[in-house]
Amino acid sequence: MNEKTGIFVGSFNPFTIGHDSIVRRALPLFDRLVIGVVGDHVGKPGMVPASERMKAIADLYADEPRIEVKPYYGLAVDFARSIGARFIVKGVRSAKDFEYEREQADINRQLTNGEVETILLYSEPQLSAVSSSMVRELQHFGVDVSAFLPKKKKE
């Protein structure tokens with residue numbers, strides 16, 4: 001089978017409406033989209049356990065059979081290869097994000113001899129300020145962040 005598989009990786013601490021936008025816009029490009037959640041080995045302050053982050057994302061997309069949620073450790077290109085993905089999907093909010101992701105894409109292409117390609121999707125303008133770190137900061141100060149977190153779509 002020549003299935004087109006992409007990965008979308010991150011710590012997703014938490015998974016925001018910006019991440020959801022990228023997933024929903026990337027999905028039509030692939031037969032299968034695997035959301036790779038960084039495991040507990042990272043040890044960032046305030047990191048929710050990977051199992052909780054994965055469950056929240058899996059619950060969000062429970063009705064979409066083309067989306068899978070898996071833990072990942074190490075390099076995104078190694079994760080891509082391990083599941084047979086040829087594409088890494090990344091979201092870009094700003095010129096700073098673009099430069100960072102462009103450099104990573106160049107290195108990933110070299111590491112894989114061009115077997116794994118990076119696809120950049122620009123954030124929707126109204127979501128360009130949304131980030132997991134911004135949501136965590138607001139939570140720290142007791143702000144209701146529900147507007148920045150995706151809700152399961154009603155049928």
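A quick note: this is a predicted structure, and the numbers were derived from the prediction, not measured.
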Spacing of CG belonging to Asn108 relative to CD belonging to Glu115, to within rounding of 0.5 Å
12.5 Å

Rounded to the nearest 0.5 Å, the NZ atom of Lys90 sits from the CD atom of Gln104 at a distance of 5.0 Å

Determine, using the 4.5 Å side-chain heavy-atom cutoff (strictly less than), whether Phe79 and Val69 are members of one ILVMFWY cluster.
no

Drop me the distance from Lys70's NZ to Ile35's CD1, to the nearest 0.5 angstrom.
12.0 Å

Sub-3.5 Å donor-acceptor pair from the side chain of Arg53 to the main-chain atoms of Val38, do we have one?
yes

Give a yes or no on whether Val9 and Met54 share a hydrophobic cluster (residues Ile, Leu, Val, Met, Phe, Trp, Tyr; joining criterion: side-chain heavy atoms under 4.5 Å apart).
no

Any idea which heavy atoms bring Arg93 and Ser123 closest together, and the distance?
CA-OG, 3.7 Å

Is it true that Val48 and Phe15 fall in one hydrophobic cluster, defined by side-chain heavy atoms closer than 4.5 Å?
no

Transitively linked via ILVMFWY side-chain contacts under 4.5 Å: Phe87 with Leu111?
no

Just checking Glu99: does its CD atom have more than 12 heavy atoms from other residues, nucleotides or ligands closer to it than 6.0 angstrom?
yes

Starting from Leu27, can I reach Val89 by hopping between I/L/V/M/F/W/Y residues whose side chains sit under 4.5 Å apart?
yes

List, by chain and then residue number, the residues other than Leu127 in its hydrophobic cluster (Ile/Leu/Val/Met/Phe/Trp/Tyr, side-chain heavy atoms under 4.5 Å); write none if there are no others.
Ile17, Val130, Met134, Val135, Leu138, Val143, Val145, Phe148, Leu149

Not counting sequence neighbours, which residues clear side-chain hydrogen bond (donor to acceptor under 3.5 Å, both in side chains) with Asp106? List them please.
Arg102, Arg109

Before giving the answer on side-chain contact (heavy atoms from CB on, under 4.5 Å), spell out for Asp20 and Tyr61 the whole-Å C-alpha distance, their side-chain angles and the decisive distance to 0.1 Å.
CA-CA 10 Å; Asp20 180 58; Tyr61 301 112; 2.5 Å; yes

Distance check, rounded to the nearest 0.5 Å: Arg24 atom CZ versus Leu121 atom CG?
14.5 Å

CZ of Arg32 to CD1 of Ile67, rounded to nearest 0.5 Å, is 12.0 Å

Taking the side chain as C-beta and beyond, is there a heavy-atom pair between Arg136 and Asn13 under 4.5 Å?
yes

Please report the closest heavy-atom contact between Ser11 and Met47, naming both atoms and the distance.
CB-CE, 3.9 Å

Nearest-0.5 Å distance that lies between atom OG1 in Thr112 and atom CD1 in Ile88
7.5 Å

Nearest heavy-atom neighbours spanning Ala80 and Ile7
CB-CD1, 3.8 Å

Heavy-atom pair with the smallest gap, counting every atom of Gly114 and Arg86:
O-NH2, 4.5 Å

Check the surroundings of atom NZ in Lys96: do more than 12 heavy atoms from other residues, nucleotides or ligands lie under 6.0 Å from it?
no

Could you tell me which non-hydrogen atom of Tyr72 sits nearest to which non-hydrogen atom of Gly10, and how far apart they are?
CE2-N, 4.1 Å

Transitive ILVMFWY cluster of Val92, excluding itself - 4.5 Å side-chain cut-off
Phe98, Leu120, Tyr122

Inspect the contact between Asp63 and Lys152 and indicate whether a charged nitrogen and a carboxylate oxygen are less than 4.0 angstrom apart.
yes

Tightest non-hydrogen contact, residues Leu33 and Ala26, listed as CD2-CB, 4.3 Å

